[in-house]
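Accompanying notes for the structure given below.
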Amino acid sequence: MSQTLENLTAIDDNLSKRHIDLDPGGYFIIYLDRTTSLICAKHFTNIIDDRGLAVDPETGKPIPARGKVERTQSTLFTARTAKELCVKILEETRPSPVTMLDHAAYLGREFVRAEIALLSDREYVQD
C-alpha cells in the first residue's frame, strides 16, 4: 500500500485520540518564540489523583485539558533545536521532570514538529 500524506495524517489523528496515562513528573506547554528563534517548553508540576486526573499541587483541583489555566511553570526550557531541548530536559536535568518513557517519546515528537514549524515559518499547535 502506498503511503500518502493523507493516510499518514489519518493514522496520527486517530492515535491522538487514544487514552494516555499522565506523567506524575508533570506536563509541558510547548510553543515557539519567533523573535529569538527558540523552541520553548514550560514545565508544570502536578499530582495524579486516584482517578488518574492531574491536579494542581497547590489547590488540589483538577487541571483542565482545554482552556486557559493560570499557573506558574516550575521551569522554562528553551533551545534552538529539538535535539538540544531533549538533551536539556532528559539528560542534563536531575531529577528528570519526565518519569515515563511514553511521555519522553511524545515530547521528542512534539519538539521535532515545533522545530519544523519554526524553520518553515508555519504555525505550531501542540498535539
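For Gly25 against Thr99, the heavy-atom pair with the smallest separation is N-OG1, 3.7 Å. Shortest non-hydrogen contact noted between Ser96 and Ile89 is OG-O, 3.9 Å. Nearest approach of Ala54 to Ile48, heavy atoms of both residues: CA-CD1, 4.0 Å. Ser74 approaches Thr45 most closely through the heavy-atom pair OG-CG2, 3.9 Å. Of all heavy-atom pairs between Arg51 and Pro62, the closest is NH2-CG, 3.9 Å. Nearest heavy-atom pair, Asp23 versus Pro97, reported as atom, atom and distance to 0.1 Å: OD2-O, 4.3 Å.
Contact of the Cys86 side chain with the Leu107 side chain is not registered, since no non-hydrogen atoms from C-beta on lie closer than 4.5 Å. Within the 4.5 Å cutoff, no side-chain heavy atoms of Thr9 are placed close to those of Glu6. No side-chain heavy atom of His103 sits under 4.5 Å from any side-chain heavy atom of Pro24. Asp33 is not listed as a side-chain neighbour of Thr78, based on a closest heavy-atom distance of 4.5 Å or more. Taking the side chain as every heavy atom from C-beta outward, Leu32 and Ile39 approach each other to under 4.5 Å. Within the 4.5 Å cutoff, the side chain of Val98 has no heavy atoms near those of the His43 side chain. Considering only heavy atoms from C-beta on, Thr93 stays 4.5 Å or farther from Glu91 through its side chain.
In this structure, Arg122 places its CZ atom where only 12 or fewer heavy-atom neighbours from other residues, nucleotides or ligands lie under 6.0 Å away. Annotation for Glu123: atom CD does not count as buried by contact number, only 12 or fewer foreign heavy atoms lying within 6.0 Å. Applying the 6.0 Å contact sphere to CG of Leu15 captures more than 12 heavy atoms from other residues, nucleotides or ligands.
Clustering ILVMFWY residues whenever any of their side-chain heavy atoms sit less than 4.5 angstrom apart, transitively, puts Leu85 in the very cluster that holds Leu90. Hydrophobic clustering (ILVMFWY, side-chain heavy atoms < 4.5 Å, transitive): Phe111 and Tyr124 are in one cluster. Placement of Tyr106 and Leu22 in two distinct hydrophobic clusters is found when ILVMFWY residues are connected by side-chain heavy-atom separations under 4.5 Å, directly or transitively.
Under the 30°/60° scheme for interplanar angles, the aromatic rings of Phe28 and Phe77 are found to be tilted.
One distance of note links OG1 of Thr81 with CD of Glu115; it measures 5.5 Å at 0.5 Å rounding. To the nearest 0.5 angstrom, Met100 atom CE is 5.0 Å from Asp21 atom CG. The CG atom of Asp12 sits 9.0 Å away from the CZ atom of Arg113 when rounded to the nearest 0.5 Å. Atom CG of Leu38 and atom CG of Leu118 lie 8.0 Å apart (nearest 0.5 Å).
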Could you walk me through whether Arg109 and Asp127 pass side-chain contact (heavy atoms from CB on, under 4.5 Å), step by step? CA-CA 10 Å; Arg109 290 189 306 271; Asp127 184 16; over 6 Å; no

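Checked by atom type, the side-chain pair Gln126/Tyr31 shows no donor-acceptor distance below 3.5 Å.
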